[in-house]
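Below you'll find the structure, written out as structure tokens, and then a few comments.
Order of the sequence lines fixes the chain letters, A, B, ..., with proteins taken first and strands second; residue numbering starts at 1 for each chain.
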Amino acid sequence: MLKTFKGGIHPPYNKEMTKQKPVEKAKLPAKVVIPLSQHVGAPCEPIVKVGDMVKVGQKIGEAKAFVSAPVHSSVSGKVVAVEPRLHASGAYVMSVVIESDGLDEIYEGVKPPKPLEELSPDEIKNLIREAGIVGMGGAGFPTQVKLSPPADKKIDTVIVNGAECEPYLTADHRLMVERPEDVVLGLRAIMKATGVSKAYIGIEDNKPDALEAMKAAVKGLSGIEVVPLATKYPQGGEKQLINAITGREVPSGGLPMDVGVIVDNAGTCAAIANVLKTGMPLVERITTVTGSGVKEPKNLLVRIGTPVGELIEQCGGFAGEPGKVIMGGPMMGLSQSSLEVPVMKGTSGVLVLQKSEVKAVESMPCIRCARCVDACPIRLLPTHIAKLAERGRWADAERYHALDCIECGCCAYVCPAHIPLTQLIRLAKNHILASKKK
Amino acid sequence: MGQLVKDFINGLWNENPIFRMVIGICSSLAVTTAAQNGVAMGLALTFVLTCSSVLVSLLRSIIPDKVRIPCYIIVIATFTTVVDLTMKAYFPSLYEVMGIFIPLIVVNCIVLARAEAFASKVGPIRAVADALGMGLGYAWAITLISIIREIFGSGTLFGVKVLGESFTQWVIMLLPPGAFLVMGILVGVMNMIARKTASH
Amino acid sequence: MNEYMRMIVVLTVISIVAGAALAFTYEATNPKIQEQERQALEQAVMNVIPGTEKMETVEKDGMTFYIGMDGQGNKKGIAFKTTGSGFSGPIEIMVGYDPKEGKLTGIEILSMSETPGLGAKIKEPSFTDQFKGKSVNDEFAPKKDVQVITGATISPTAVANAIKTSLDKVTEIYPVGGDY
Amino acid sequence: MGQYRFTIASSPHIHSGESVQRIMFSVAGALLLPTIAGIYFYGIKALILVVTTTLAAVITEAIFQKLRGKPITVWDGSAVVTGILLALNLPPGLPLWMAVVGAAVAISLGKQIYGGLGTNPFNPALIGRVFLMITFPVQMTTWINPVDGTTGATPLALLKMQGVSTDYMSLFLGNVGGSMGETSALMIILGGLYLLYKGYIDWTIPAGYLGTVAVLSLLLGKDPIFQLLSGGLMLGAFFMATDMVTTPITRLGRIIFGIGAGIFTVIIRFYGGYPEGVSFSILLMNAFTPVINRYTVPKIYGEVKAR
Amino acid sequence: MLKDLAFLVVGTVLVNNFVFARFLGQCPFLGVSSKLETSIGMGMATTFVLTMTAVAAYFIQYYILEPFGLSAFLQIVSFILVIASLVQLVEMIVLKISPTMYNAFGIYLPLITTNCIVLAVALLIPQKGYNFIESIVFGLSAGLGFTLALILMAGIREDLEFADVPEALRGPAIVFLTAGLLAMIFLGFTGLVPL
Amino acid sequence: MANTIITSILSMGGLGLAMGAGLVLASKKFAVETDPRVDSVLEALPGANCGACGYPGCGGLARAIVDGKAPVNACLVGGEAVAKKVAKIMGVSDVGAAGDRKVARVLCQGGKEEAKFKAEYTGVKSCRAASMVNSGPKACPFACIGFGDCEKVCPVGAITMGEKGLPVIDEEKCTGCGLCVKECPKMVISLSPEKNEVHVRCRATMKGKDTRDACKVGCIACKQCEKVCPFDAIHVVNNVAVIDYEKCRNCMKCVEKCPTKAITSAFAKRKKAVINDTCIGCTICAKNCPVNAISGEVKKKHEVNAELCIGCSICAEKCPKGAIAMVRSEGDIKTSSCNACAEV
Ligand SMILES: Cc1cc2nc3c(=O)[nH]c(=O)nc-3n(C[C@H](O)[C@H](O)[C@H](O)COP(=O)(O)O)c2cc1C
Ligand SMILES: Cc1cc2nc3c(=O)[nH]c(=O)nc-3n(C[C@H](O)[C@H](O)[C@H](O)COP(=O)(O)O)c2cc1C
Ligand SMILES: Cc1cc2nc3c(=O)[nH]c(=O)nc-3n(C[C@H](O)[C@H](O)[C@H](O)COP(=O)(O)O)c2cc1C
Ligand SMILES: Cc1cc2nc3c(=O)[nH]c(=O)nc-3n(C[C@H](O)[C@H](O)[C@H](O)CO)c2cc1C
Ligand code: SF4
Ligand code: SF4
Ligand code: SF4
Ligand code: SF4
Ligand code: FES
């Protein structure tokens, strides 16, 4: 029996389009827009002015708060604006706009650090922070913060999340096939930084080549185990992953560290490895550009700040009439209204669906079929919370644990009545949290 | 005078105990298998209600508050027993059908509610007007229910065959569910009428 | 008078007045009620024993019998009550029996709670009349010598069974052909 | 790249493609099997009955929605399922006007007064059937024997009233007296398996229901196989106790539902006034469903025991 | 003996359920059945009072009314007097002893005086000739039957808050219709026990 | 006969006595302090114990009302009359003192016509839900979304969704409870003093160019208002103009200037100063007028140039004689509104 969790769904994976395609370097963009907030926590503050010249890897935004991360220029060139720009959230966020000079000069400060063996845990954490590394699995939580739990939380396990359970996406898959040793190096750094000796690398069994590559890469390393997981969405959700691999359940309202676990995305590990090897902060990432609406789906190594429109062009442009452009996967990604929005540290994919695929279906009354209940990996009663949300009964929704919803979308995916369950629950969560603030 | 008419009319429609206030339902469901029972129960209740309202109204200043309820109930119970014995003596067949529901007039919420809410606060004349209105409001309501149940259930009205030979009895109408269903539909219809008249 | 005293006194007085008033009503209506009940019983006996004009109550072996007589005092038969277990409750039956002939003279259903329009048809003459003149030695088997009601066999069976079982006992007390 | 206008929506952006309509028409499809058996055994009469109740159910639904000024949604197929199931639960010889009354009651009292699809507490088809059963008991218990066309009793009534048992094969194939679609256990099981395969019904309910009846029969000294194959049990367990609208949404709740229905069926069959108790039992458990839902809310992921 | 008692319980709770088959206690049934929690409280309070009433009725009938030949006409008055006073007494005592308990279910007590089930139970005890034990069991089962009815209805009514019930039927009408369907379902228990 | 009556009297008397005594004893022994208001409220209720209110009997409701858990008009049977009585017992009075009453105002004019929709939104039709999807369907992430969450939450029905797809607030009805302010996910509703008539109806903090692309009536941060304001009451902060309501005197000069009409006021009803005969010609008004609209010689009655007057009412405040009244330019409010029916 493969390890897995209760609930979940089996959507069509649609990974064939890109899973065999090696990562290509994307064209150097003429202009990048780098938002100063690409992570959970306080936005960072610009430290460059219009007219300044910057180079690749040069810090342009300083993180002042503890939960925050700095950002760096991903091209060399001239700062042309520091102003609010459209962001993947649809809001305008303070960003630094840089015109590339095409030289791609590397910043002088970028130098390889001491080898891992010689670094102290604090030095590792500092390197990670200064490199602006945040969770690349989507949420964008500053990694260094995650690695610095309060003293009373004893961490005994690190899990590398290589599940990549979102349909269509293959960024982590290709990474693990092509650069398994980077993932392992990053993981070893994390282990050293947190003083943990047990680590797992969880990978869904629909990526046998990745499993092979990772197994080969950890050969001879003690304490690191590659765990094949059942292919089921949302296997990569950290709560599900922890449950599948360790059998532990993160307490409601708690964090992985409450059960002694740290979960990090494979991409995050590779980013750490990159810093250790070259000193280069996080300025580029692998993004899968895919979907029926793209002519030639590809895995691209992209500079942070590249407008998504340029990536689509590099993939041959739109196929058919595009209906939806999604940053991220189809289950949790954010739909976009403009092709101007820039790729960020957490952008694992750009998915384009054709117009014919995004027909809006009128929802019908709930027939209490309980598919949503059976699908929910958190064992909530989505239908009930949604009904309460429709009637504005927020307090009751909270009593039914609306806040524990991980917004995985399983319930809405299966609902035969096409009720936007996830959105209604999100609405309830938003309301509950808003009323808590006061 | 105008006040009295108002008090009287009130029970007939605006605050009709069955259809509008929905109290005192038990008997209206239980005895309404035939139109005749409806009329009899209606009159019996009107009698008890009127007599006890007068008495409660007269005694209203004498009765101490803390024993108010026991006292009212004794008054009501006394009149109910009078009806009970009278029916037993003079209408035995009717008594047979209405059985336990005559004694239960005592706890019919309408009686106590009117005693508490109305009779104990006004003079005897207004109390009578109100009681008669409420009683007759109750009476017409349950007669209507029993007419419907009798026609569908037995094909008769006041015992006279009104539907032809080929009529198949709707047994459910004579059984408990029929009572609830007819009641539910009538309350719905009355709501509709009330809403229509209110909007004009 | 202090308030508590008043509570007690008022409640007591009202109770007493109520008691007295009811006792009065009872005394006034009681004869009539008794009369009604007697009449009802008599009527039932008359119905099950044709030709009866007077009746006499006899207690024998723990059973109550009503002996029916005509105007001249000739015994026309005996009647007794029995209870069957119907579809939705007990069925009380008055049975008329003529020991001389060994035959039933008629039956009447005194009370029952069978389904109206269905089991309740046992009250109708079309059902009860078939017992008139039936021999006590008959089988009383539904669908054989006892006609049943379509769609409701339980109620007629209950009636037939009740009569048959009670007859077994009654024929011991008043054997067929014997005197009474 | 031209200026396109995109759609924005909350995630997820893909859907399983399943729909209420598809589920309903699949159930209707599965019901064709017992329907065909009914037509085979009882002839054209049965076909007319099915068509009548289905039309009556659909028309009642449309009229009700029209009167309320709501969109007419008869195409969702739920009224069709109700209509077919009602017919399968009726004696093949029932006067057609009674069948129409039954369908009208099923849809109006059983469904529309509660606002239509999805919010009715009771199984509409069973409401229709029990209403008819109580309103016209004579006609509702007049069964046709498929072998010789005479009227006769159902195997359960035969056993209860006359102590006569029927052989398993007849029960399994269905050439015995009974409601139009309940007699052929074979066809019902086939239809049920199809729904199980499609994932439209949850196995816990039929399993809990049939299992409970079998076990209790055994314990009470009755023939469990006979009990399983006779009466409306199979039809009820596969098609009516599984109506998702009127059954619990929690897994534990559905198990309780199945077992409860089994217990009540056995009680009514063995000790009650009626020879058959499936309709009543399912409806009774429907009544319990909201309460069951309330008290079987699953413990969520990471819920701490008591703090 | 035990079997008889079992029959009495089944008969009173299911077959002749006071709400669905005997039509008693409709007013509190309609009023209180909108919330599950309230229904359970009301049901428990009623069950308690009914059991107490059964005892009281038994004693009054067999130690006062019958010996003096008064049962034909003083039954109603004396029963109701005692019930009303007892309920009021219990209310006062509960309030004093445990305000929490009072809040949990004492508040339902005043409503029970006018619940016709109470008087009906008292009157049925002599009518059916129950002995002491049977009287208590009868009172208890009457209460349980009432509680069952309340709980079922309350569950359904809580769900109906999500339902698009036609305007005119909202409120008591839909409750009656639902009660009608429940009564229909409870007919399935007919014939379960020899009565 | 006599016998029956005597036993009846004795038993009933005995029972009555026993019960009466029992109750008395109990009420002495178990007397509990209760909020006297519970009893008075109970008194006012009809006492039908019908349970229609959802509480267990009138007593339950009375307690709930006193505890503040139920509104004073919770009794359906009693209707308005009872509600009034209960309100009196509970001492619930009408709305608090007027004076610096605040009312809710919608600070967005980007309706269906004016604002650009950047994409097709599908999903739950609620402003808050839509605001979580790419910040809403309008190109301006600060724009009113227009699904009317505010309309639903307003307890007095003061908000209706207008034809432009924007909420319209009836300032008369609004009680200033602020629920809509909390409900609106875009924070485009705000409470402001009723007397303030000038509002910047835009909160977009993007660059002026971006705002102009997104909406015809947005504030583009051109700062014209800032320059023209005689009272330093309006400033562009963070790319959007903000009014200091304390300083604003409703002069409406900014309204005149604003190129996109993002600032609004009851322009047609602008007030004008009018000087009456008690003027002693002290010239204080003329000195204080920020636009020099008042002229006149010392000790002579002064005149206001209605063309120039901006209605700031400084003169009226400064006038030692109280000789200056602020009058709506088109007559008083009454006549300025539709007078079609006033004539009937
Ligand atoms: C406010 C906040 C505080 C967090 N603190 C910690 C932490 O102290 N330790 C840790 O391991 N993870 C921490 N996390 C990270 C979460 O465990 C999780 O990795 C992150 O929310 C992304 O998870 P997701 O992609 O599954 O949503 C924190 C997250 C948030 C939002
Ligand atoms: C429903 C759901 C699915 C997720 N799927 C994945 C996934 O497939 N791969 C992944 O790396 N992170 C996934 N995540 C995010 C993880 O929960 C978690 O945030 C992440 O692994 C932490 O690593 P990071 O901080 O390095 O991103 C998912 C989160 C959720 C809520
Ligand atoms: C609503 C209803 C009421 C019934 N009432 C009676 C009844 O009063 N008496 C009776 O014998 N059977 C009654 N039955 C029982 C059935 O008709 C039962 O199946 C029948 O008695 C079996 O006998 P049969 O062989 O005539 O079908 C009733 C059934 C229903 C549905
Ligand atoms: C598996 C399944 C079983 C169903 N069973 C019934 C049924 O027994 N009776 C019925 O009226 N409708 C049934 N339906 C149809 C539908 O759910 C029903 O009409 C709703 O209760 C109406 O709201 C069924 C539907 C499905 C999918
Ligand atoms: S979106 Fe929330 S409620 Fe829905 S399945 Fe996922 S966790 Fe459960
Ligand atoms: S999946 Fe949809 S239809 Fe089924 S219970 Fe959940 S919300 Fe209702
Ligand atoms: S003002 Fe706010 S709440 Fe009201 S419609 Fe606009 S966005 Fe929605
Ligand atoms: S919700 Fe309150 S503040 Fe907003 S308009 Fe209504 S009354 Fe005014
Ligand atoms: S009349 Fe029975 S409870 Fe009201």
Q: Using a strict cut-off of less than 4.0 Å between a Lys/Arg side-chain nitrogen and an Asp/Glu carboxylate oxygen, indicate whether D:R254 and A:D374 qualify as a salt bridge.
A: yes
Q: Measure A:L421 against the heavy atoms of chain D and call it side chain, backbone, both or neither at under 4.5 Å.
A: neither
(Q) Taking the ring centre of each residue, are A:F5 and D:Y301 less than 6.0 Å apart? (A) no
(Q) What part of A:R248 gets within 4.5 angstrom of chain D, counting heavy atoms only: side chain, backbone, both, or neither? (A) backbone
Q | A:R368 vs D:T289, side chain to side chain donor-acceptor pair (under 3.5 Å): CA-CA, chis, key distance, verdict | A | CA-CA 11 Å; A:R368 299 195 263 209; D:T289 294; over 6 Å; no
Q | Which atom of D:E18 lies closest to which atom of A:V414, heavy atoms considered | A | CB-O, 4.5 Å
Q. Does any heavy atom of chain D fall under 4.5 Å from the side chain of A:S337, the backbone, both, or neither of them?
A. both
Q: For residues A:P167 and D:I14, determine if any side-chain heavy atom of one lies less than 4.5 Å from a side-chain heavy atom of the other.
A: yes
Q: Please tell me if the side chains of A:M331 and D:S11 come closer than 4.5 Å, counting only heavy atoms from C-beta onward.
A: no
Q: Provide the closest heavy-atom pair for A:C369 versus D:M244 in the form atom of the first, atom of the second, distance.
A: CA-CB, 3.5 Å
Q: For D:T7 and A:K324, work out which heavy atoms get closest and say how close.
A: O-CG, 3.1 Å
Q. Hey, does A:S335 have a side-chain heavy atom less than 4.5 Å from the side chain of D:F6?
A. no
**Q.** Region of D:I23 in contact with chain A, defined by heavy-atom distances below 4.5 Å
**A.** side chain
(Q) I need the residue from D:I249, D:D243, D:N293 with the largest number of non-hydrogen atom pairs under 4.5 Å to chain A. (A) D:I249
(Q) Taking the side chain as everything from C-beta on, heavy atoms only, tell me whether D:I8 gets closer than 4.5 Å to A:Q336. (A) no
Q) After noting the C-alpha distance and the side-chain angles of D:H13 and A:Y413, does the key distance pass the side-chain contact (heavy atoms from CB on, under 4.5 Å) rule? A) CA-CA 8 Å; D:H13 304 286; A:Y413 176 82; over 6 Å; no
Q) When you look at NZ of A:K31, are more than 12 heavy atoms from neighbouring residues, nucleotides or ligands closer to it than 6.0 Å? A) no
